[in-house]
Amino acid sequence: MSADAPSHFIRNLVSRDVAAGKHGGLVVTRFPPEPNGYLHIGHAKSICLNFGIAKDFGGVCHLRFDDTNPAKEELAYVRAIQEDIHWLGFEWDSLRHASDYFEVFYQCARKLIEDGKAYVCDLNAEQVREYRGTLTSPGRASPWRERSSEENLDLFTRMREGEFDDGRRTLRAKIDMASPNINLRDPAIYRIRKISHQNTGNAWPIYPMYDYAHCISDAVEGITHSLCTLEFEDHRPLYDWYLDQLNLRSHPELSASLTDPQVSRPEQTEFSRLNLDYTVMSKRKLVELVQKELVEGWDDPRMPTLSAMRRRGFTPESIRMLCDRVGVTKQVNVIDFGVLEGCVREDLDKRAQRRMAVLDPLPVTIENLDEGYTADIEVSNHPQQPELGTRTLRHGRKIYIERTDFEEVPPKGFKRLIPEGNVRLRHIGIVHCVGVDKDDTGRVTGLRVTLYKPEDAPKVKGTIHWVSAEHGQRAQVRLYDRLFSVANPDSGEGSYIDHLNPNSCQVIDAAWVEPAAADGVAETRFQFERIGYFVADRREHEPGKPVFNRVVSLRDSWAKR
RNA sequence: UGGGACGUCGCCAAGUUGGUAAGGCACAGGGUUUUGAUCCCUGCAUUCCCAGGUUCGAGUCCUGGCGUCCCAGCCA
């Protein structure tokens, strides 16, 4: 186990199992996404947990697509999911699909029927609902519950042959219609769906249900620790019931269709999912945001999906740091958005090279420099990390500074430029403001300053950034903010959509950046000094047409006042 | 008394067989600083959902309450 791996109840449990020689001392986990949407930050927690546990105990972790419902699943999603996992920094030991085991599921179902543990039910969906009872009252037995094994086998075979229409019949487990756990009231095992499957085409007119397929998939892959989220706690008795009835290890014929099954008796353990405030995490809602075009797609930088966070400029390290930081427990939790922001700031502060950019340019003329004057300044790319090298900063008589760095009537404590005041221009030196130019409306249109000789320069409190008017490049900069304007968009009255933050994306078309920023390749991250961390947009940034996304602002104890 | 789970600082979260409340984030002060950034110090739960009980001693054990979340798809 790696030394810095945070300890938590699942790690402790696995550790005890290994020490006790359970599962032959093996650790095999899996990350089992359904390919019906993009992965989000919540999945990252599960990915870090499953791959992390395997790695730390010398085990393996599979990526398994839980593709048992072709009505909702698409190949495009399976590709995106693989890309996101790789980007996050993980590699699966083998790639699986639940659909690889369709024949095993089928053989297992026949055994259940032969053993009198499953039956074909002719009730329709609505009738099943009526027979199921309620949370506080028991259900009633289906009229088809006592069919003979022979009849069930015949009917199930014909279901598999495609003889019946969609929804006409189901195969159900025969457990207990009076169970206080609704999952045990004769749950469906197979339903009829004549839909083409992205992996198996039209080979199957029937598809297995999650509870049934998942535990068998785990067992047949040799999974030792099946980790999932809290909402499956109630399903664990069913998970165990199927595996106990089937006893796959004593019945190798059931998995004979597989070349090298490593049959285990897995155990499910549940943990709480990751929730972040100011966003939504349910796949249904994320799909809705995309389909209703409330965002610009799955990778819109405001989305909590991994591909969006990548585009926004988050690093894989920062996301893994968040997962470490929030821990693994069974407590329902909502993490402050600020924790995520803190993680990227910490990571990017360490590694992002510094550049200068001006978002709202105010022209400044340095009057005691000649027309055509040019200076080259060699500056460090990172104040604390000289190994990140240097670059040359060029400027002449005219530069741009940030409009907010000048105030005619400064508030108390203002450390930047004021009329007749002094300020340091980062890397250039100290200047004195000698003139303020305005238009008819009184708006400041430019400043005139003079540069002190280093030996004559007075002490100043403030340093401001700038970009050379002659050498800088125009850039588009997008300032992103949280997608929703309330901490919990799901609570309270109305739809979560009513709480979308109208100011979640501000596009600045006429920002200025120094050449050494504009020239970076897409996905290069910089700190624009005194502003924040930015990334060259993965899709739209190109040399000569720079486009930057703000990952996160710098902490600003001045703005906070 | 439908079933399942969870309740330790504003948000997370450690708390081994009962021995006298880790840490992170946030926040508040102070220092360094050619980024009002970073970094560095300091402070931040006499108290563990509540009430009883056992004990020399309880967040940890017992009893009884209270609160929150999940479950009635032929979704996962």
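Convention: sequence-line order gives letters A, B, ...; per-chain numbering from 1.
- The CD atom of A:Q353 sits 18 Å away from the P atom of B:U35 (whole-angstrom rounding).
- Residue A:D324 contributes atom CG, which lies 14 Å from atom P of B:A13 at whole-angstrom precision.
- For the P atoms, the distance linking B:C9 with B:A14 amounts to 13 Å, nearest Å.
- Note on A:V460: nothing from the nucleic acid sits closer than 4.0 angstrom, heavy atoms only.
- In this structure, the side chain of A:N36 does not engage the main chain of A:K72 through any donor-acceptor pair within 3.5 Å.
- With both ends at atom C1', the span from B:C11 to B:C44 equals 15 Å, rounded to whole Å.
- For A:Y242 and A:Y212, the gap between ring centers is short of 6.0 Å.
- Using a 4.0 Å heavy-atom criterion, one finds that A:S272 contacts no nucleic acid atom at all.
- Between A:D166 and A:R191 there is no salt bridge, since no side-chain N of the basic residue sits under 4.0 Å from a carboxylate O of the acidic one.
- In this structure, the CD atom of A:Q331 is 10 Å from the P atom of B:C49, given to the nearest Å.
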Check: protein-nucleotides 23-34 of chain B nitrogen or oxygen pairs below 3.5 Å:
from: B:U34; atom 1: O4'; to: A:R424; atom 2: NE; distance (Å): 3.3
from: B:U34; atom 1: O2'; to: A:R426; atom 2: NH1; distance (Å): 2.1
from: B:U34; atom 1: N1; to: A:R424; atom 2: NE; distance (Å): 3.4
from: B:U34; atom 1: O2; to: A:H427; atom 2: N; distance (Å): 3.3
from: B:U34; atom 1: N3; to: A:R424; atom 2: NH1; distance (Å): 3.2
from: B:U34; atom 1: O4; to: A:R424; atom 2: NH1; distance (Å): 3.4

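- With its glycosidic angle more than 90° from 0, B:G15 is assigned anti.
- Formation of a donor-acceptor pair under 3.5 Å by the A:H395 side chain with backbone atoms of A:S468 is not found in this model.
- Below 30°, between 30° and 60°, or above 60°: for A:Y38 and A:W298 the angle between ring planes is below 30°, a parallel geometry.
- Just one of A:F534, A:Y533, A:W466, A:W512 meets the ring pair (Phe, Tyr, Trp, His ring centres under 6.0 Å) condition when paired with A:F528; it is A:F534.
- Between A:Y101 and A:S217, the closest heavy-atom pair is CD1-OG, 3.6 Å.
- Spacing between atom CZ of A:R11 and atom P of B:A14 amounts to 12 Å, rounded to whole angstrom units.
- Residue A:F337 contributes atom CZ, which lies 16 Å from atom P of B:C12 at whole-angstrom precision.
- Nearest heavy-atom pair, A:H225 versus A:D17, reported as atom, atom and distance to 0.1 Å: CE1-OD2, 2.8 Å.
- Remark: the backbone N or O of A:N69 is paired with a side-chain donor or acceptor of A:E73 at under 3.5 angstrom.
- Comparing B:U35, B:G4, B:G36 against the side chain of A:P383 picks out B:U35 as the nearest.
- A:Q527 comes within 4.0 angstrom of a nucleotide base, judged by non-hydrogen atoms across all strands.
- The separation between A:F9 atom CZ and B:G15 atom C1' is 16 Å, rounded to whole Å.
- Rounded to whole Å, the P atom of B:U20 lies 34 Å from the corresponding atom of B:A28.
- For the pair A:Q268 (side chain) and A:F232 (backbone), a donor-acceptor distance under 3.5 Å is present.
- Annotation: B:A58 and B:C41 have their P atoms spaced 36 Å apart (nearest Å).
- Using P as the reference atom, B:G7 and B:C49 are 9 Å apart when rounded to the nearest Å.
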Inset, instruction - Test A:E34 against A:K283 for salt bridge (Lys or Arg N to Asp or Glu O under 4.0 Å), laying out the working first. - result: CA-CA 11 Å; A:E34 183 189 14; A:K283 231 186 260 188; 5.2 Å; no
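- Neither side chain, A:H97 nor A:D67, offers a donor N or O lying under 3.5 Å from an acceptor on the other.
- Distance check on atom C1': B:C39 versus B:G67 gives 43 Å, rounded to whole Å.
- In this entry the distance linking CD1 of A:I335 with P of B:G10 reads 15 Å, nearest Å.
- B:A45 and B:A22: their C1' atoms are spaced 13 Å apart (whole Å).
- A donor-acceptor contact under 3.5 Å links the side chain of A:R416 to the base of B:G36.
- Using P as the reference atom, B:G65 and B:C75 are 40 Å apart when rounded to the nearest Å.
- At the heavy-atom level, A:F414 lies under 4.0 Å from base atoms of the strands shown.
- The side chain of A:S557 contributes an N or O atom lying less than 4.0 Å from OP1 or OP2 of B:A37.
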Inset, instruction - Using a 3.5 Å limit on both pairing distances, list the dot-bracket string of RNA chain B from the 5' end; Watson-Crick and G-U wobble pairs count, crossing pairs take [ ], interstrand pairs take |. - result: .((((((..(((......[...))).(((((.......))))).....(((((..]....))))))))))).....
Legend entry - Letter per nucleotide, 5' to 3', of nucleotides 65-76 of chain B [B base touched, S only sugar-phosphate touched, - untouched; heavy atoms, 4.0 Å]: ----SBBBSBBB
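- Taking atom CZ of A:R530 as the reference point, atom C1' of B:U38 lies 15 Å away to the nearest angstrom.
- The backbone N or O of A:I182 lies less than 3.5 Å from no partner atom in the side chain of A:S179, so there is not a single donor-acceptor pair.
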